[in-house]
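Comments concern the structure below.
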There are 2 protein chains.
Amino acid sequence: MDFSIGDLSRRTGVKVPTIRYYEKEGLIEEPIRTEGNQRRYTERDLERLTFIRHGRDLGLPMPAIRELLDLSAHPDAPCADADRIASEQLQNIRMRIVQLQSLEAELTRITQSCTGTHAIADCNVLKAFGDHGLCKGEH
Amino acid sequence: MDFSIGDLSRRTGVKVPTIRYYEKEGLIEEPIRTEGNQRRYTERDLERLTFIRHGRDLGLPMPAIRELLDLSAHPDAPCADADRIASEQLQNIRMRIVQLQSLEAELTRITQSCTGTHAIADCNVLKAFGDHGLCKGEH
DNA sequence: CTTGAACCTATAGTCGCTATAGCAATTACA
DNA sequence: TGTAATTGCTATAGCGACTATAGGTTCAAG
């Protein structure tokens, strides 16, 4: 029915001390405790923590995750707020996708021109990172 | 001919304290000093720091950058290792793109079904990341 | 009922920076 | 050449997001 912090950790891939840290930070609810003061979690907690884990893996900043959690936590709230949050986050996500795609293109180009048989001296991987021309003109 | 830490900072986009931090960590060489004990850098230092900067921008983890710097210090070694590092990174990025797109789809759905006047019925934000199948199989 | 694994709190440490304080060197301009 | 403003120096502290450790308690399998 419910499960321990160790079970939750195994099922989400989030380490035990990190789960306790998230609780302290208010990212997840304080769960019920056993007689002996140990935490016991539900499927709801599992879902929430899985979301946090995946969001972090994807490189979402912590505040974005907080907002998205808030959004999903109030499905009956007036829609205007939720809509604004969703829209803002949507913009972030799309920007992130575009960035990652340009990076993907760059790395693809680099690895394709590298057969693995020549010497480092002529390696495009290293040259690519040294070349300002490949920047998006930010500096 | 040579230039100050501030110049180096401006030309690479790496902040001054970060440059000193990299030096302490052995990521860049200790440069020569003026009579008055100020650091003076060369084009070689600029190149190396630019490389580090771009690697970080591309989301490479610090150990990967160290590895690449080591590789480039041995220009006669085969290129395969550098290629491997880039390929690993590429896989990672492709996975991230797929997952972000699933969240994008969900957020789009939310904002579209929302006119601002009613409540959000079935919010699937949490479920957007619910699919463990897309993970690297680590958990 | 025992014993070992898993849990508890509290605190300190890690990484990759970033900020601050207090002082010295350099540079620009009058 | 004098003198401010700017930039540099070291050392130390702080931050975010964890991660590890110590010292003790509870749980559950045999």
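Lettering of chains follows the sequences in order, A, B, ..., and the numbering in each one begins at 1. Side chains are part of it too, since the values below use all heavy atoms of this structure and drop only hydrogens, waters and symmetry mates.
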Return the 5'-most residue of the pair Gly6(B), Met62(A) with respect to DNA chain D, ranking by each residue's nearest nucleotide.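 Result: Gly6(B).
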Closest-nucleotide 5' rank along DNA chain D - winner of Gln38(B) and Arg66(A):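 It is Gln38(B) whose nearest nucleotide is closer to the 5' end.
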Indicate whether OP1 or OP2 belonging to [N] is found under 4.0 Å from a side-chain N or O atom of [X].
{"X": "Ser4(A)", "N": "dA6(C)", "value": "no"}
{"X": "Arg39(A)", "N": "dC27(D)", "value": "no"}
{"X": "Tyr22(A)", "N": "dA17(D)", "value": "no"}
{"X": "Thr34(B)", "N": "dT26(C)", "value": "yes"}

Closer than 4.0 angstrom, basic N to acidic O: yes or no for Glu29(A) and Arg48(A)?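 Salt bridge between Glu29(A) and Arg48(A), a charged N being under 4.0 Å from a carboxylate O: no.
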Considering only heavy atoms from C-beta outward, does the side chain of Leu60(A) approach that of Ile93(A) to under 4.5 Å?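 Sidechains of Ile93(A) and Leu60(A): in contact.
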Option from Arg53(A), Glu47(A), His54(A) for which side-chain contact (heavy atoms from CB on, under 4.5 Å) with Thr50(A) holds: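 Testing each of Arg53(A), Glu47(A), His54(A) against Thr50(A), the sole residue satisfying side-chain contact (heavy atoms from CB on, under 4.5 Å) is His54(A).
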In terms of side-chain heavy atoms of Thr18(A), which of dG16(C), dC18(D), dC7(C) is nearest?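 My answer, after comparing the listed nucleotides, is dC18(D).
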Applying a 4.0 Å non-hydrogen cut-off, can you work out what Arg20(A) is touching in the nucleic acid: base, sugar-phosphate, or nothing?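 Contact class for Arg20(A): base.
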Arg94(A) side chain to Thr108(B) side chain, donor-acceptor N/O pair below 3.5 angstrom: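 Short answer, yes.
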Does Glu35(B) or Pro61(B) map to a spot on DNA chain C nearer the 5' end, using the closest nucleotide for each?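 Mapping each residue to its closest nucleotide by heavy atoms, the 5'-most match is Pro61(B).
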